[in-house]
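One-based numbering, in listed order, for ligands and for the atoms of each.
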Amino acid sequence: MKTIIEPFRVKVIEPIIMTTRAEREGYLRDAAYNLFLLKAEQVIIDLLTDSGTAAMSAEQWSALIRGDESYAGSASFYRFEETVRDIFGFKQVIPTHQGRAAERILFSTTCRRGSVVPNNTHFDTTRANIEYVGAEAVDLPVPEFYTPAVYHPFKGNMDTQALLDLIERVGADRIPLVMLTITNNSGGGQPVSMENIHGVKAICERYGLPLYLDACRFAENAYFIKLRERGYAGMSVKEIAREMFSYADGCTMSAKKDGLANIGGFLCTNDDRLAQQEKDLLILTEGFPTYGGLAGRDLEAIAVGLKEILHEDYLQYRFASIRYLGEHIARAGVPIVQPPGGHAIYIDAQAMLPHIPQLQFPGQALAIELYREAGIRSCEIGTVMHAGKNPDTGAEMPAAMELVRLAIPHRVYTQSHVDYVIEAILDVYQRRESIQGFRISSQPEFLRHFSARFEPVSGPEATEKIKPENQMQFA
Ligand SMILES: Cc1ncc(COP(=O)(O)O)c(C=O)c1O
């Protein structure tokens, strides 16, 4: 059969509340044009994130009943630990309430003021946790990463020459660890090849640096390797995942992605001494090392989810449905990050709305318009999320790309939902010249995209160009 179907049946349903454009206009104003501030019931199709939004399977719901809620030594922990060890292969497995808690503990124990942490591209919470301890987060993606329309089978790769240059420039003693984010979420959900992981590991070994994987979407990355990298077609996704992790000294993981769980994460390492320091910190803020901020039932759901994500029928269907969305809108002219990623389609808002200056947030403007048009919630990954600062003037500088991410929750939406999304994007695309930019009226110090308030920009200001000295430079 050529038709790839959802390899699951629906057992429990959740109604969607349909809204009118006039109602959505009001909701937008009440939320200060920040889609994170909408109520979920005001959203028709929620593509804000694939994180924690998965529909759990019957096996996962059954496992919840098995959850052992003992404070110490819970049987659920040992089942969780066994599954994580089996797939990831690390000695020490430390549960945390989600990925960012694993990041905070890792960077608090390994970094100090002046440390430098390279990554292909840091996710926003990873960057924020590094900067919070006074260290510097450096992105070293391959050059193709910055050109959305360019096809590269492993656009998430790290630029290994840039890593060598960085180590030579700042000195290995300032680098506590090197990270690779698989897949590379901030730039299109693009995979990292096994060759690149291996190459980065070789450099790390030469300088005595540990390599960590940000493993949130490890199964999607492994499936891309199976499909695209020579020599892996005959291996199972689990075998590929094990090889990826065999090159690493540890990982951070948000089980809300490829753990198919609604909450949870973990931190792994092969270093027993470091693990002890991490567990000491864990007790301070997350909990005892056999639950780490999670209920026993959450650990059970993760243990089952980690096995289910390795089912290749499921990964084949997931990639096909995401490609279907990407190909349909791209064929009609909508600029997207090519090729489609593993968990999301990313629209290139800068190419679609060239009349909106970057400091008026074309990605935010497009995300707002998709909500206004059809109640679709997406996520800006551009200057709202990743603005820089001019070191001399302190002025805000635009991000490298202005993307809008349409992340597909696991096992939640069907083909007709995707068709609805395609129709809405194409309608908005037809009248793209009428869309206007936004300005920020208030914002917090960190991670502003979650709570900043926006207002529409109109009049002469709407076409104001960015001053050259505020343009971000990318090496
Ligand atoms: C690549 C990556 N790393 C880390 C995180 C943080 O995980 P969490 O949301 O569980 O804290 C995310 C979440 O979206 C992510 O995509």
Side-chain angles (χ1 to χ4, degrees), residues 35-36 46-54 84 88 94-108 117-132 137 139 141 145 155-158 177-192 197 212-222 224 244 248 250-268 282 285-286 292-294 298-299 301-302 305-306 309 337 341-346 377-381 385-386 403 405-410 446-447 449-450:
L35 303 185
F36 282 99
D46 206 342
L47 306 184
L48 185 68
T49 177
D50 59 328
S51 176
T53 52
V84 175
F88 293 67
I94 302 171
T96 58
H97 80 273
Q98 58 183 90
R100 66 199 66 187
E103 291 166 356
R104 191 188 63 79
I105 291 170
L106 175 65
F107 300 127
S108 308
V117 182
N119 200 330
N120 46 357
T121 312
H122 290 278
F123 183 66
D124 60 355
T125 58
T126 324
R127 172 178 297 281
N129 274 299
I130 290 170
E131 290 174 354
Y132 192 69
D139 293 341
F145 174 85
K155 219 174 180 176
N157 282 354
M158 179 180 270
L177 59 101
V178 175
M179 259 193 133
L180 277 174
T181 303
I182 58 168
T183 59
N184 191 344
N185 182 10
S186 305
Q190 299 293 326
V192 178
I197 298 174
Y212 273 70
L213 299 183
D214 175 340
C216 295
R217 298 181 181 83
F218 75 97
E220 290 171 359
N221 200 88
F224 273 121
M244 291 180 335
C251 77
T252 55
M253 172 74 186
S254 168
K256 298 172 72 176
K257 284 80 171 174
D258 281 4
L260 297 177
N262 301 127
I263 195 69
F266 49 91
L267 171 60
C268 292
L282 185 85
T285 57
E286 293 280 301
L294 293 169
D298 299 326
L299 295 166
I302 296 168
L306 286 172
I309 194 67
V337 173
H343 69 292
I345 290 297
Y346 293 63
R377 177 154 66 170
S378 53
C379 182
E380 190 262 14
I381 300 192
M385 191 184 273
H386 290 306
L403 305 177
R405 185 185 70 177
L406 303 153
I408 311 297
H410 286 277
F446 292 106
L447 299 173
H449 51 287
F450 289 128

Should you measure from each heavy atom of G99, which atoms of ligand 1 turn up under 4.0 Å away?
7 (O), 8 (P), 10 (O), 11 (O)
Modelled atom types, side-chain donor and acceptor of H343 and N185, under 3.5 Å
yes
Winner among R104, K256, K257 once heavy atoms are compared against atom 7 (O) of ligand 1
K257
Distance-only, no hydrogens or angles: does the D298 side chain make a donor-acceptor pair with backbone N or O of G264 under 3.5 Å?
no
Return the CG to CD distance between L48 and E380, rounded to the nearest 0.5 Å.
12.0 Å
Report the nearest protein non-hydrogen atom to atom 9 (O) of ligand 1: residue, atom name, distance rounded to 0.1 Å.
R100 NH2, 2.9 Å
When T285, N129, T252, T126 are each screened for side-chain hydrogen bond (donor to acceptor under 3.5 Å, both in side chains) with R104, the one that passes is T285
Geometric N/O contact G264 with ligand 1, under 3.5 angstrom
no
Which residue supplies the protein heavy atom nearest to atom 3 (N) of ligand 1, what is that atom called, and how far is it?
D214 OD2, 2.7 Å
For atom 4 (C) of ligand 1, grab the closest protein heavy atom and report residue, atom and distance to one decimal in Å.
E103 OE2, 3.1 Å
Tell me whether D214 contacts the main-chain N or O of C251 through its side chain, where contact means a donor paired with an acceptor under 3.5 Å.
no
Close-contact set for ligand 1 against T181 heavy atoms, below 4.0 Å:
1 (C)
Can you find a heavy atom in the side chain of H386 that is under 4.5 Å from one in the side chain of T121?
no
When the ring planes of F218 and F88 are compared, do they come out parallel, tilted or perpendicular, using 30° and 60° as the limits?
tilted
Atom pair CD (Q98) and CG (L294), whose distance is rounded to the nearest 0.5 Å
9.5 Å
Should we count CZ of F450 as having more than 12 external heavy atoms under 6.0 Å?
yes
D46 side, atom CG; I408 side, atom CD1 - distance, nearest 0.5 Å
11.0 Å
Give me the nearest non-hydrogen protein atom to atom 6 (C) of ligand 1 as residue plus atom name, then the distance to 0.1 Å.
T125 OG1, 3.4 Å
Check: N185 N/O within less than 3.5 Å of ligand 1 N/O
yes
Report yes or no: does a heavy atom of G265 sit under 4.0 Å from some atom of ligand 1?
no
What protein heavy atom is closest to atom 10 (O) of ligand 1, reported as residue, atom name and distance in Å?
S254 OG, 2.6 Å
Give yes or no for whether the N/O distance cutoff of 3.5 Å, strictly under, is met between T183 and ligand 1.
no
Any nitrogen or oxygen of T126 lying under 3.5 Å from a nitrogen or oxygen in ligand 1? Just yes or no.
no
Nearest non-hydrogen protein atom, atom 5 (C) of ligand 1
F123 CD2, 3.4 Å
Report, in ascending order of atom number, the atoms of ligand 1 lying under 4.0 Å from any heavy atom of Q98.
8 (P), 9 (O), 10 (O), 11 (O)
